[in-house]
Structures are given as structure tokens and as C-alpha cells.
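Ligands are counted one by one from 1 in listed order, and the atoms in each one are counted from 1 as well. Computed from heavy atoms alone, side chains included, the values below leave out hydrogens, waters and symmetry copies.
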Amino acid sequence: MKKYNFNAGPSILPQETVINTIKAIEDFAGTGLSLMEVSHRSKEFDGVMDETVALFKEILDIPAGYSVLFLGGGASLQFCMVPYNLLEKKAAYLNTGTWASKALKEAKLFGEVAEVASSKEANFTYIPKDYIVPADADYFHITTNNTIFGTEIHQDLDSPVTLVADMSSDIFSRPVDVSKYGLIYGGAQKNLAPAGVTFVIVKDELLGKVSRTIPTMLDYRTHIKDGSMFNTPPVVPIYAALQTLKWLKELGGVKEMYKRNKEKATLLYDEIDRNKLFKGTTAIEDRSLMNICFIMNDEYKQLEEDFYKFAVSKGMVGIKGHRSVGGFRASTYNALPKLTVQALVDCMREFEKNN
Ligand SMILES: *Cc1c(COP(=O)(O)O)cnc(C)c1O
């Protein structure tokens with residue numbers, strides 16, 4: 001049976017990424033060796049690293065003065081690396097979900113943290129908009145897409161201080177004005193590559209300003225200096241990321257992705273709003289284009305398990321909502337085709353007819 005992959009992360013990747021990576025795992029760049037067996041310092045892999053950085057910069061239109069790094073440790077390590085490198089006295093955080101809360105908690109180890117606003121009291125169903133970022137903060141940290149709760153900050157915010165963003169689950173889903181940010185990071189396993197690599201886009205001039213001693217591996221300058229090769233980088237996920245970037249460019253880049261992502265999300269949100277059995281969980285203006293959360297309407301609550309089983313029987317994978325929201329979550333990342341969303345919509349309609 002055809003499987004429709006709505007996993008939240010690790011998640012669906014372009015077929016090209018999977019197939020080209022398999023080929024390179026068998027025979028990398030005509031070396032007769034597997035991608036898993038070659039030195040990361042070989043000229044062939046060096047070429048992969050250079051091309052991945054170049055394409056990453058090109059597709060996101062990253063201005064001069066920024067470095068792009070590929071590191072280990074996941075986005076979660078960035079929760080600590082960011083304050084380690086940037087927090088001298090005080091940082092500001094917008095608390096919009098589980099990941100944002102974790103980032104904030106880590107920053108508290110390094111200095112004063114101002115939580116400028118939080119939607120926790122409403123189970124993170126909206127993005128707070130009325131808040132003041134203290135002008136004496138070293139940076140302001142946001143999570144642009146809240147993977148678990150299905151909300152998203154749709155604009156590049158104007159911030160009076162350096163803006164830092166966790167873009168784990170919406171990187172490359174829309175055009176971003178990188179010049180408005182001092183640092184952007186994310187785990188690659190949502191929209192780019194298999195798990196194991198973390199991207200960091202950092203404005204070089206921000207570094208070297210804090211007075212603390214930074215362990216070598218946690219200092220961004222180490223990785224800038226050595227082109228993400230201070231230690232052995234995760235070669236297979238980086239190779240896969242390059243395949244995804246090539247696929248993205250071929251299709252028309254982030255503008256085209258944004259158009260497609262809006263179409264896909266509209267298709268599903270329209271059905272959630274129309275179908276008598278379901279309702280959305282978040283404020284409409286903050287609805288995520290990447291993670292679409294929905295629950296049964298109150299009078300149909302008892303059908304939740306039945307719908308889940310029905311959807312699974314139709315080939316839907318990964319649509320169970322996160323335990324902190326319940327219900328369902330369909331992640332509609334870049335690589336997910338519109339036809340897959342249509343299949344879920346058809347499934348919701350059929351279930352409505354039967355009930
Ligand atoms: C998945 C996710 C993380 C955690 O990423 P890891 O690479 O597993 O550490 C952090 N932030 C957001 C927004 C995420 O979606």
C-alpha cells in the first residue's frame with residue numbers, strides 16, 4: 001500500500017535525496033568507496049562541503065559577512081551554544097512552545113533572561129504579539145515555527161537587538177530576509193536531511209564579544225575557521241542536504257516552496273474548517289504552514305481513535321498529534337506532495353460521510 005508520510009521529524013525527504021544518497025553510499029563520486037568509508041578531508045568530500053555551503057547561501061540569499069556551519073549535537077545543543085557565545089549579561093526570549101521553553105531554560109545558565117512574552121497559559125495556541133524587547137538585551141531569541149503546537153511567526157520580525165531564530169522546522173519553506181537576523185540555527189531532520197547535522201547561519205561580527213572562556217568545540221569561531229571540519233562532520237547527512245538543496249534550486253527555490261506550502265496548507269486547513277468532525281487548535285493568523293494540528297470537535301470526541309485507525313488503514317503515517325496537544329498533526333514539509341495532502345483530505349471526507 002502507498003504510504004503518505006506526515007512524520008514531524010525525522011520526516012519526508014525528496015525522493016532524489018534518498019536515491020542519490022543511496023547511490024553515493026554504494027559508490028561515492030566514482031571513488032569505488034562508500035560515502036561512509038571516505039575521509040572527510042578527501043578532495044571529493046571537500047567538494048561536497050564547499051558546494052553545500054555555497055548552495056545554502058545562494059538559495060537563502062545570505063548576505064556577505066555571514067558564515068554557514070554544519071555541526072553535530074542537534075538544535076538542542078544550539079540552545080546552549082547560542083548563549084555561550086552571545087550572552088554577556090542579559091538575553092530576551094519569546095516563549096512560544098516546548099522548544100522555545102527549552103532554549104530559554106538553557107540560556108538561564110549563562111545570565112539574566114527576560115521572557116518578553118509567553119502563550120503558555122493558553123497551551124501555546126497563539127504567538128504573542130504585544131511585548132517589548134529590552135534594548136539592553138544582547139539578543140532576542142525566537143522559534144519561528146512551533147513544530148509541536150502548529151503555530152508559526154510568518155514575518156521576519158523587526159528587533160531592536162540582535163535577532164536569533166530557531167528555524168528547525170521551517171527553514172527553506174519560505175523566503176527569509178537573513179540580514180534581519182544575527183544567527184539562525186536548526187536541526188536538519190525536518191526539511192533538509194536525515195538526522196545528524198545541524199545548520200548554523202551566523203553573522204561573523206557578533207562573535208568574540210563575551211568575556212567568558214568558551215570550550216573549543218562550543219565556540220562558533222572554531223568551526224568557522226576550520227570550515228565545519230574541526231572534527232569529523234556528519235558526512236552522510238551533509239551529502240543528503242546537498243541533494244535536497246539541488247532539488248530545491250531546480251524547483252525554483254524558496255519562493256516556489258512558499259507558494260506550494262501555502263497551497264498545501266490551505267487545502268488542509270479549509271477541510272478542517274469545513275468538516276463537521278474536526279477543528280483546528282491554534283489562532284487562525286498564526287497557523288503553521290509546516291505542522292497542521294487538528295482535533296475532533298467536542299461532540300465527536302469519541303471518534304478520535306476510530307479516525308486514527310481509519311487514516312492508518314488508508315496509508316497515513318505519522319498523523320498522531322503530540323501528546324501535549326492530542327488529536328492529530330500533519331506535517332507538510334517541503335518534500336511532501338500536494339497529492340499527499342489531498343489523500344488526507346479525501347480520508348477526512350470519507351470518514352465524515354461514514355459517521
Ligand atoms: C525538532 C526541533 C528541535 C530539536 O531538534 P534536535 O535536532 O532534535 O535537537 C528544536 N527546535 C525545533 C523548533 C524543532 O522542531
List every atom of ligand 1 that sits less than 4.0 Å from any heavy atom of [X], numbering the atoms from 1 in the order shown and giving each element.
X	answer
Thr143	13 (C)
Phe79	10 (C)
Gly74	7 (O), 9 (O)

Heavy-atom distances under 4.0 Å are what count here, so tell me which part of [X] touches ligand 1: side chain, backbone, both or neither.
X	value
Tyr185	neither
Ala75	both
Gln189	side chain
Thr198	neither

Within the structure provided, determine whether Leu13 and Tyr333 are in side-chain contact (heavy-atom separation under 4.5 Å).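 Side chain of Leu13 against side chain of Tyr333, heavy atoms only: no contact under 4.5 Å found.
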
Please tell me if the side chains of Asp61 and Val178 come closer than 4.5 Å, counting only heavy atoms from C-beta onward.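 The answer is no; the side chains never approach within 4.5 Å.
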
Summary of side chain to side chain donor-acceptor pair (under 3.5 Å) pairs that have at least one residue in residues 306-318, sequence neighbours excluded: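 Residue pairs passing side chain to side chain donor-acceptor pair (under 3.5 Å), neighbours aside: Lys314-Glu350.
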
Check for me whether Lys108 meets the cation-pi criterion with Phe110, that is, NZ or CZ under 6.0 Å from the six-membered ring centre and within 45 degrees of the ring axis.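 So Lys108 doesn't make the cation-pi contact.
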
Look at [atom] and say which protein heavy atom is nearest, naming residue and atom and giving the distance to 0.1 Å.
atom	result
atom 9 (O) of ligand 1	Ser76 OG, 2.6 Å
atom 14 (C) of ligand 1	Lys190 NZ, 2.9 Å
atom 15 (O) of ligand 1	Thr147 OG1, 2.4 Å

Joint cluster assignment, Trp99 & Val116, ILVMFWY side-chain distance < 4.5 Å: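 Each belongs to a different hydrophobic cluster.
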
Between Phe140 and Tyr131, how do the two ring planes meet: parallel, tilted or perpendicular, split at 30° and 60°?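 The arrangement is tilted - the two ring planes meet at 30° to 60°.
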
Not counting sequence neighbours, which residues clear salt bridge (Lys or Arg N to Asp or Glu O under 4.0 Å) with Glu37? List them please.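 Not a single residue meets the salt bridge (Lys or Arg N to Asp or Glu O under 4.0 Å) criterion with Glu37.
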
Ring centres under 6.0 angstrom apart (Phe328, Phe307):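 Yes, the ring centres sit under 6.0 Å apart.
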
Pick whichever of Asp166, Asn145, Asn291 has a heavy atom sitting closest to atom 11 (N) of ligand 1.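 Checking each option, the heavy atom nearest atom 11 (N) of ligand 1 is found in Asp166.
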
